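Structure record follows, encoded as structure tokens.
Predicted model, so just to flag it, every value in this text is computed and none were measured. Residue numbers begin at 1 in each chain, while the letters A, B, ... track the order of the sequences.
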Amino acid sequence: MTTYIIRRLLLVPVLLFGVTVLIFGMLQFLSPVERTALYVRDFPKNEKAIEGLIKRYGFDQPFYVQYWTWLVGKVDKTTGEREGGIVYGNFGYSRSASQPVAELIQRRFPNTLDLTIWAVAPMILIGIWLGVQAAVHHNGFIDQAARVFSIVGTSFPTFVFGLLMLLIFYANLHWFSPGRLSDEFNRVIESDAFRHYTTVLTIDALLNGRFDVFLDALRHMFLPILTLSYINWATFLRVTRGSMLETLRMEYVNTARAMGLPERDVIFKHAQPNAMLPVLTLAGFSIVGLLGGVVITETVFNFPGIGSAAARAATSLDVVAMLGFALFNGFILIVANLVVDVLYAFVDPRVRLS
Amino acid sequence: MTALTPSGDNTLLGQDVATRKIGRLERFLGPENYRILTGLLKTPASIGGLILIGFFIFIAIAAPVIMPPVTPNDPYKIPRDGFRSDPRPMGSEWTRNVPDIPFWYKAVTGKDEWVHIMGTSEGQYDIFYGMIWGTRTAFQTGLVVTFSTFLIGIIYGSISAYYGGIVDNLMMRVVDVLLILPGILAVLILAAVLTPRIGKSLIPAMAALIAFGWMGYSRIIRGDILSVKERDYVLAARVIGVKDSRILFRHILPNAIFPTLVLASLAIGDVVLSFAALSFLGIGTEVGYADWGQVLSFARNWITSLNTYWYIIVWPGLTLVFFVMGWNLVGDALRDVLDPRMRGKT
């Protein structure tokens, strides 16, 4: 077990290096002048000044030098101050949001986290439940219905489904609205009386004892959660169904049946736990996907998370901010990958022994 | 000595030993590949999918007949009926930039003049025009991206698998890193970096989708090649001193490529979906280009009044859903056929 974890940990720096090189490498499609323009706020018109800037920031240097500067920043010889350097959390300045990228991530991430917390349970549990039902009633009516459901689900682009939800529940029924909070509650959370303990809105609302704020926040998140769930149910259904069907064919399940256990126990106590292994991986990655910000869903519902900020940065060609988001996202992914692998080894002894 | 020609009654044998005629196509493809192909034509769902795909192919080919372009030099430019910003409902009169009347129009609609069949979107872009010509855009992007990713994946995967050892290890780690990059963000960055260089067109988004889309194929083909590589005829070829590249491209690849090929051809739906998502976010073509995602993105400013302007999302949305569904239906059948646990069952 320990060797497995160590082996897995050793891979992390390699992945980090690869991801950063790739992300930085994409910048090389821009010319030195364009790259300078990304980082300098008042871009000079005259050529001499531009060249001076390129020299100063080292944009004419070879790739590996630039990469290193980008990574650890540059110490000013006269003042001793460090400029830039992503390892120090210095991701640069986002133009589309008019603030430093690190600050932008810090402000947007709690919202994305909030959405993730509430979306995980319906997304995973209902998906698994559907899959188990489809497998238990293999080739029956429920199975066929689940199949149709999953094909329709995978065929719906997120933004089409999201827009349709807005059409039905917002424009026509007025039940739910896009955004984060209603105006009246926005004033509440901006007032001094409302204390931000965790910066995650629903949790803060509960800690402050403001159930009205809590419910309003949930109401605004309902449609994004529904959209995310619907899109993901299809995948969970398919993976659970396949894994469950395979498990149900195993000898030990037959043994359990032969011993006269009730079918309920056979399915839920004996077959399902073993069938959950591939689902575990999928769940891990879905959660990570949500944490990294769901670009399209957040954009459609105008939800102020990481994803919608990334979309806005992309449309206004704010490359600096996008690099920041990609790095943040890549980092989460690498850590989550590690966690999922280690968890997997805990749950399934075959993995750590191989 | 008895006669060499078999004589006697073989009908009893025929009942126990299944005999069937092997057609020319089966002989050409080989039994395993033939099974995949026929498996796709068996279930009603996949046939439904093929019909949907066929329908869209028909629209793409017949686009100039269904909807004569207003600017023949640039048929992908959606004609604008004026410049008013708010959408106009279905069936409203078409006054400016009217296309020619095609032969089917009077018979189907019973009208003498063009109307906006599906209404107009923000800025008076005709939605129906966008749907018809957008089908061509969809196939263009889908085919180019799929073919390119397939080609890159095949070449990369076969080199990695054929040489094995440290080369394989290194090449697959690169794939790991690429796969760990957050998909849509990486595509967005690359498209955003390429856009000022190339200009607003289909190319930046397509290039980005290609750059981050080939890894899956290289993994699959690698696995298939690793199994084909062990076969005796490959060893035989090596023994008689055939060059590496010839063994790879003439002996191994043709025997390993088919499952990946089928898989790739069905990925067109996904590619079109990703592309539409990019144009929905505003990366990709210039405003007014006939492209489903872009037509949908016009709706983003009208969320509050979607109850009146429902047609600006329903028609483009449904078009996209049916297109993707066609490919998914076939893909679902394919997954069953390719599933090794299903092998041997018909």
Residue A:Tyr170 versus chain B: region with a heavy atom under 4.5 Å:
side chain
May I ask you to name which of A:Ile332, A:Leu163, A:Thr315 has the most heavy-atom pairs under 4.5 Å with chain B?
A:Leu163
Whether the A:Ser155 and B:Asn328 side chains hold a donor-acceptor pair (N or O, under 3.5 Å, no angle test) is what I'd like checked.
yes
Scanning both residues in full, the closest heavy-atom pair of B:Tyr156 with B:Met172 reads CE2-CE, 4.5 Å
Is it the side chain or the backbone of B:Leu281 that comes within 4.5 Å of chain A heavy atoms, both, or neither?
both
So, the part of A:Thr299 with a heavy atom under 4.5 Å from chain B: the answer is side chain
A:Leu323 portion near chain B, given a 4.5 angstrom heavy-atom threshold:
both
Does any heavy atom of chain A fall under 4.5 Å from the side chain of B:Ala276, the backbone, both, or neither of them?
both
Are more than 12 heavy atoms from other residues, nucleotides or ligands located less than 6.0 Å from atom CZ of A:Phe331?
no
In terms of the angle between their ring planes, are A:Phe169 and A:Phe176 parallel, tilted or perpendicular, with boundaries placed at 30° and 60°?
perpendicular
Would you tell me whether B:Asp291 and B:Thr137 have side-chain atoms, one donor and one acceptor, within less than 3.5 Å of each other?
no
Region of A:Arg312 in contact with chain B, defined by heavy-atom distances below 4.5 Å
neither
Chain A shares the most heavy-atom pairs under 4.5 Å, among B:Ala45, B:Gly317, B:Ala299, with B:Gly317
A:Asn337 portion near chain B, given a 4.5 angstrom heavy-atom threshold
side chain
For atom CD of A:Gln144, is the number of surrounding heavy atoms from other residues, nucleotides or ligands below 6.0 Å larger than 12?
yes
With a 4.5 angstrom heavy-atom cut-off, is it the side chain or the backbone of B:Leu188 that approaches chain A, or both, or neither?
both
Shortest non-hydrogen contact between A:Met165 and A:Thr227, atoms and distance:
CG-OG1, 4.2 Å
Expected output: side-chain B:Trp292 to main-chain B:Met131 donor-acceptor under 3.5 Å
yes
For A:Leu22, is it the side chain, the backbone, both, or neither that has a heavy atom closer than 4.5 Å to a heavy atom of chain B?
side chain
Can you confirm whether A:Phe63 is buried at CZ, in the sense that more than 12 heavy atoms of other residues, nucleotides or ligands lie under 6.0 Å from that atom?
yes
Turns out that what part of A:Ile334 lies under 4.5 Å from chain B's heavy atoms comes down to both
Which residue out of A:Gly18, A:Pro178, A:Ala314, A:Ser150 racks up the most heavy-atom pairs below 4.5 Å with chain B?
A:Ala314
Relative to chain B, which segment of A:Val19 carries a heavy atom at a distance below 4.5 Å: side chain, backbone, both, or neither?
both
Flag the one option from A:Ile168, A:Leu167, A:Asn172 with the top tally of heavy-atom pairs under 4.5 Å to chain B.
A:Leu167
Does CH2 belonging to B:Trp315 count more than 12 external heavy atoms closer than 6.0 Å?
no
